[in-house]
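Comments concern the structure below.
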Number of protein chains: 2
Amino acid sequence: MARVAGVSQASVSLVLGGKWHGRISAPTAERVREAARTLGYRPNLAARNLRTGSARTVLLVVPSLTTHFFAGVHTGAARVAAAHGFSIVLYPSPAGVGPARDPFASAPAALDGVLASSMAAQALTVLRGDRLPLVMLDSEPDATPGTATVNLDIADGVRQVADHLLGLGHRRFLHLRADVPSWTFAQRARALEERLAAVPGATLRTAASSMTADHGRAAVEGALSAPGPRPTAVVCDDDMLAVGAYKAARRLGLRVPHDLSVTGVDDQVLAMALEPELTTVRLDAELTGERGMEALLSVIEGRAPVTHDIPVELVVRGSTGPAPRT
Amino acid sequence: MARVAGVSQASVSLVLGGKWHGRISAPTAERVREAARTLGYRPNLAARNLRTGSARTVLLVVPSLTTHFFAGVHTGAARVAAAHGFSIVLYPSPAGVGPARDPFASAPAALDGVLASSMAAQALTVLRGDRLPLVMLDSEPDATPGTATVNLDIADGVRQVADHLLGLGHRRFLHLRADVPSWTFAQRARALEERLAAVPGATLRTAASSMTADHGRAAVEGALSAPGPRPTAVVCDDDMLAVGAYKAARRLGLRVPHDLSVTGVDDQVLAMALEPELTTVRLDAELTGERGMEALLSVIEGRAPVTHDIPVELVVRGSTGPAPRT
DNA sequence: GCCCCTCCGTTTTACGTATAACGTGAACGT
DNA sequence: ACGTTCACGTTATACGTAAAACGGAGGGGC
């Protein structure tokens, strides 16, 4: 390469690295670029990484990419990373069985930082101790002081849901919880409890289910068949659970929203596919990924850790209506 | 590291690389491992990659991870890659706007091979010319002779759909095409046409739509409102388009499946969420990813390219029923 | 004439690993 | 006693880059 261009190897590095101004004349620089073009020359990344001590690579830790939300997070994070010349490597689904794998074993090169979802708790225990820049997504604000976090204010979304349903006259609520031990779900439960505690006459039942439509259906069917006055609104931790609520309602002969109002969280494509379309809390997954990656790159580049808040938005559609008269 | 273990650097490499049998005594090997453990020593990946000339890394080219199918492909591919000590780097969504980016610019290290979906056509033009091992997913069998392919026999799935509907007495069909210029969709259209051409009295209309529920609805609504005898079955290229068909049916006052049968392709979570549940062609995305990665690793390791066929399966649910009497 | 500066490059070095090539005692066969 | 093998490690080298250190030629100031 250097031979073809008729210059030294160092000049090649300077030109292709874009740091030649004032050191290499314009014609020579052009000659180097031309030679690189005709040869199809690409700098050896391994050598570059060895020399610079960095591969400009970041680890993204999420439970599963098949979850709509995390796929969106990846998309947003990847966009920002690419814009800064960084690459993303995914931590292989810790949600799968087996012990937490060594996150570094999955990377093709040294890591500059870690962007981790709070739902991937297993991996974090592995990551502690390595002094890598770390940014948490949707984690408890003061859980890890000093590290940047990107916080989705889902609690606020749940409060909006509660207010919306209260405004429609609902007083008897069923909360369909995702039985995943994660702060994000605990937060939702607490927000709903607190909001309803402030309303005289409001009651709250709780059911828990794994995050599939079928388990959700069973849980809701059980809770709605229990003795006592039946809840008129089901607040679900997730759109997929809301599908379960729809199915339960159908089996029990209840119409949505006439007899039973249902809400979700996420606003997946699912929400618009349902009939009636689902009232739900929209989470902007891509924005979450973007902000997370921006925060992480800030830390990597030595700036102070910032904390972002991602606003959420209640999207009212057809699955919520006035509470039925008793 | 070598100092701490009281041994030469070469011995460290041998022991940690697992190639010490017969060259290093067991006690010494143990001493090295012990030292590595206490120091938290990790081999420098950049140096290793430079020395070995490989980063054991593969590029996965898919249009978008937010598409359910491709997220599944990634999951399967990642599982196999991890089992062989390989890493996956994703090519950043070529479906996005802008010119095709340099795939190698997104990688943190040198690539050993490429696993590409046929739907990411843009990227392929970039990849041609680089003599990297390449495996295509769901691409036209003889499009790239010599390269391994993993073929989803969706044409067969469509034929099963046609036979299923014909058996239910349907004769007037509407094909809702995804207007994406990809071989996989062209293949579906051809299979349906050929199958119906063999049935006297069978008719086929076609509508095209981008892959969103709303556009699908509009396309189906238009096609069903056109003059002439109305189709009684809508065969959709995708589950998302089937959602559009449901919505169109509702707007036109048609019940599924009583007045209109609907089918999809994919079997996303969506399919079970719909009411009635969707009859669709199940594609095993994870298996596709696994087979694809296995084929690619074979080529990388110097074995002959193999071609796999992934079977598809018609899943009959509630969205198809007997053709209405005229 | 001498010193100093600027411009344009080159020479050299270090990064940390994998592995080929090279000892070095001790045991062993004859 | 002497070559041969074996078991166990070490020394030395190359990978391709980034960047610090180092000129050399030409020009300007005094």
Side-chain angles (χ1 to χ4, degrees), chain A residues 1-37 39-57 85-87 102 104-105 107-112 130 300-301, chain B residues 1-36 39-57 85-87 102 104-105 107-112 130 301:
Chain A
M1 168 63 204
R3 278 201 321 277
V4 173
V7 299
S8 76
Q9 191 281 319
S11 301
V12 174
S13 175
L14 287 173
V15 172
L16 266 42
K19 316 186 176 175
W20 55 278
H21 300 276
R23 325 240 306 112
I24 308 284
S25 70
T28 306
E30 183 48 43
R31 210 167 65 242
V32 169
R33 275 190 293 263
E34 173 59 20
R37 213 171 301 125
L39 290 187
Y41 168 82
R42 293 174 181 290
N44 181 306
L45 293 177
R48 167 179 297 173
N49 295 343
L50 174 60
R51 175 63 226 236
T52 61
S54 157
R56 298 183 78 77
T57 296
F86 272 73
S87 306
D102 179 357
F104 300 97
L111 301 175
D112 294 309
D130 294 280
I300 290 174
E301 286 162 8
Chain B
M1 168 62 205
R3 279 201 322 278
V4 172
V7 86
S8 78
Q9 189 278 319
S11 301
V12 173
S13 175
L14 287 173
V15 171
L16 267 42
K19 315 186 176 175
W20 55 279
H21 301 277
R23 327 238 306 110
I24 309 284
S25 69
T28 306
E30 183 47 42
R31 209 167 68 242
V32 170
R33 276 191 291 264
E34 173 59 22
L39 290 187
Y41 168 82
R42 293 175 181 287
N44 181 307
L45 293 177
R48 166 178 297 172
N49 295 343
L50 175 59
R51 175 62 223 237
T52 62
S54 158
R56 297 184 78 77
T57 296
F86 272 73
S87 306
D102 179 359
F104 301 96
L111 301 175
D112 294 308
D130 294 281
E301 287 163 6

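Naming convention: chains lettered A, B, ... in sequence-line order (proteins, then strands); numbering from 1 in each chain.
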| message | Does a side-chain N or O of Tyr41(B) approach OP1 or OP2 of dG16(C) to a distance below 4.0 Å, or not? | response | no
| field | Side-chain N,O (Ser11(B)) to OP1/OP2 (dT10(D)) below 4.0 Å | value | yes
| task | Choose from dG9(C), dA21(C), dA18(C) the nucleotide whose nearest atom is closest to any side-chain atom of Ser25(A). | result | dG9(C)
| message | Can you tell me which nucleotide in dT10(D), dA18(C), dA19(D) comes closest to the side chain of Ser13(B)? | response | dA18(C)
| said: Measure CH2/Trp20(A) against C1'/dT10(C) and give the value in whole Å, please. | reply: 18 Å
| Is Lys19(A) near enough to dA18(D) that one of its side-chain N or O atoms lies under 4.0 angstrom from OP1 or OP2? | no
| task | Round to the nearest Å and state the distance from His21(A) atom NE2 to dC7(C) atom P. | result | 14 Å
| field | Closest non-hydrogen atom pair between Leu16(B) and Ala36(B), with its separation | value | CD2-CB, 4.4 Å
| request: Give the intermediate values and the outcome of side-chain contact (heavy atoms from CB on, under 4.5 Å) for residues Thr28(B) and Val7(B). | output: CA-CA 8 Å; Thr28(B) 306; Val7(B) 86; 4.0 Å; yes
| said: Need the bend value for the helix from dG1(C)-dC30(D) to dT30(C)-dA1(D): angle between end axes, 5 pairs each end, nearest 10°. | reply: 60°
| field | Nearest listed nucleotide, side chain of Arg51(A), among dG9(D), dA12(D), dT17(D) | value | dT17(D)
| query | Phosphate oxygens OP1/OP2 of dT17(D): is one of them under 4.0 Å from a side-chain N or O of Thr52(A)? | reply | no
| remark: Smallest heavy-atom separation, Phe86(B) atom then Thr57(B) atom, equals CD2-N, 3.8 Å
| query | Whole-Å distance between dA18(C) C1' and Arg56(B) CZ? | reply | 14 Å
| field | Nearest-Å distance for atom pair CG/C1', residues Leu16(B) and dA18(C) | value | 12 Å
| task | Select base, sugar-phosphate, or nothing to describe what Val7(A) touches, counting heavy atoms under 4.0 Å on all strands. | result | sugar-phosphate
| Looking at Ala35(A) and Val4(A), what are the two nearest heavy atoms and their distance? | CB-CG1, 4.1 Å
| task | Ignoring hydrogens and angles, tell me if any N or O in the side chain of Asn49(B) forms a donor-acceptor pair with the backbone of Pro108(A) under 3.5 Å. | result | yes
| field | Cationic N near anionic O, under 4.0 Å, Arg37(A) to Glu34(A) | value | yes
| field | Separation of atom CD1 in Ile24(A) from atom C1' in dC7(C), rounded to whole Å | value | 10 Å
| query | Counting only side-chain N and O atoms of Arg48(B), is one of them less than 4.0 Å from OP1 or OP2 of dA18(C)? | reply | yes
| request: Identify the two heavy atoms, one from Ala46(B) and one from Leu50(A), that lie closest to each other, and give their separation to 0.1 Å. | output: CB-N, 3.4 Å
| field | Of the listed nucleotides dA21(D), dT13(D), dT10(D), the one nearest the side chain of Ala10(B) | value | dT10(D)
| Please give, in whole Å, the distance from dG23(D) P to Arg23(A) CZ? | 15 Å
| Leu14(B) CG - dA21(C) C1' separation (whole Å) | 13 Å
| Rounded to the Å, how far apart are Gln9(A) CD and dC15(C) P? | 17 Å
| Verdict with supporting geometry, Val32(B) and Trp20(B), side-chain contact (heavy atoms from CB on, under 4.5 Å) | CA-CA 11 Å; Val32(B) 170; Trp20(B) 55 279; over 6 Å; no
| said: Return whichever of Leu50(B) or Arg31(B) has its heavy-atom-nearest nucleotide of DNA chain D closer to the 5' end. | reply: Arg31(B)
